[in-house]
Amino acid sequence: MAEPVRKRGRPRVLDRDVGLDISARLFWERGYEGTSTADLTKAMGINPPTLYSTFGSKEELYRQALDFSIARENSRRSKILQSNLPVYEALSLYLYDIADGDTQPDKPPGCMVSTAVLQHAEENVSVARMTAALREASMQTLKARFDRAVVEGELPVQTDTDTLARFYGAIIQGMSAQACDGACNVRLKRLIDIALTAWPGKLRSSTGNSD
């Protein structure tokens, strides 16, 4: 008597946000080139066709995972920068928040964007350009806040706001690298304190007093 033919089970349906959260962490831990498609499908419990049908490709998944991860952090940090706090105070809180993000005990050290894909194989040049563009966007956000500070009299009119933004952008990238090397939260915040001594503008408290 012939055995009944077993029906194949349906492929697992993946919750998109869950998949992005899992892949973001994996990319964060191992980097783009250090994370294979097999690593991603295994971590998400799906097969390659499901990954491709859901996200398109490894590169597109990386792009979406970056957007997903950034969105969670940028909303809070954008509010800090765009607030009515004095620019020096807003910058301080912004940098301290990044230091906290670089040293979360339950997540990989460093920042998923700040030091991502700095060195890469030729075939991954588009991914490197993508992460470089994200870093540039962050510096332009800082520049816009510093431009506003010039208009509001908190920075001298002659301030090179682009270079000032790139200076603090370099601090942000450096913190990510040092966190990956094991620097703790306290050490990063001491670094921030030194960086803030280079501030070229007036120091005004949120109560309206200035030094």
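As a basis for the values below, the full set of heavy atoms in this structure was taken, side chains included, without hydrogen atoms, waters or symmetry mates.
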Enquirer: How many angstroms lie between atom CZ of Arg25 and atom CG of Asp106, to the nearest 0.5 angstrom?
Expert: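 Those atoms lie 6.5 Å apart.
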
Enquirer: Under 3.5 Å, side-chain donor or acceptor atoms of residues 142-150 against the rest of the protein: list the pairs with distances, not counting sequence neighbours.
Expert:
unit_1	atom_1	unit_2	atom_2	d
Lys143	NZ	Asp147	OD2	2.9
Arg145	NE	Leu81	O	2.8
Arg145	NH2	Leu85	O	3.1
Asp147	OD1	Thr161	OG1	2.6
Arg148	NE	Glu152	OE2	3.1
Arg148	NH1	Ser83	O	3.4
Arg148	NH2	Ser83	O	2.9

Enquirer: Just verifying a value: how many Å separate Met44 CE and Leu51 CG, rounded to the nearest 0.5 Å?
Expert: 4.5 Å

Enquirer: Please, which pairs that meet ring pair (Phe, Tyr, Trp, His ring centres under 6.0 Å) have at least one residue in residues 154-181, sequence neighbours excluded?
Expert: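 Listed once each, the pairs would be none.
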
Enquirer: Among residues at least two apart in sequence or on other chains, which ones pass salt bridge (Lys or Arg N to Asp or Glu O under 4.0 Å) with Lys189?
Expert: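 For Lys189, the residues satisfying salt bridge (Lys or Arg N to Asp or Glu O under 4.0 Å) (neighbours in sequence not counted) are Asp100.
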
Enquirer: How many angstroms lie between atom CG of Leu66 and atom CE of Met112, to the nearest 0.5 angstrom?
Expert: 4.0 Å

Enquirer: What ring pair (Phe, Tyr, Trp, His ring centres under 6.0 Å) pairs are there with at least one residue in residues 37-87, not counting sequence neighbours?
Expert: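 Of all non-adjacent pairs touching residues 37-87, those that pass ring pair (Phe, Tyr, Trp, His ring centres under 6.0 Å) are Phe27-Tyr62, Tyr32-Tyr62.
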
Enquirer: In chain order, what residues pass the salt bridge (Lys or Arg N to Asp or Glu O under 4.0 Å) check against Asp193, with sequence neighbours excluded?
Expert: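 Listed in chain order: nothing, the list is empty.
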
Enquirer: Name all residues meeting the salt bridge (Lys or Arg N to Asp or Glu O under 4.0 Å) criterion together with Arg30; count only those two or more places apart in sequence or in a different chain, and write none if there are none.
Expert: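 Result, salt bridge (Lys or Arg N to Asp or Glu O under 4.0 Å) vs Arg30: Asp39.
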
Enquirer: Counting only N and O atoms by type, is there a donor-acceptor contact under 3.5 Å from the side chain of Ser23 to the main-chain atoms of Leu20?
Expert: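 Yes, Ser23 side chain to Leu20 backbone: donor-acceptor pair under 3.5 Å.
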
Enquirer: Determine whether Met139 and Val87 fall in the same hydrophobic cluster, where Ile, Leu, Val, Met, Phe, Trp and Tyr are linked whenever their side-chain heavy atoms lie under 4.5 Å apart.
Expert: no

Enquirer: Look up atom CZ in Arg77 and atom CD1 in Ile98, then write down how far apart they are to the nearest 0.5 Å.
Expert: 5.0 Å

Enquirer: Nearest 0.5 Å please: distance from the CG atom of Leu26 over to the CD1 atom of Ile22.
Expert: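 CD1 of Ile22 is found 9.0 Å from CG of Leu26.
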
Enquirer: Salt bridge between Arg166 and Glu136, side-chain N to carboxylate O under 4.0 Å?
Expert: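 Yes, charged N to carboxylate O under 4.0 Å.
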
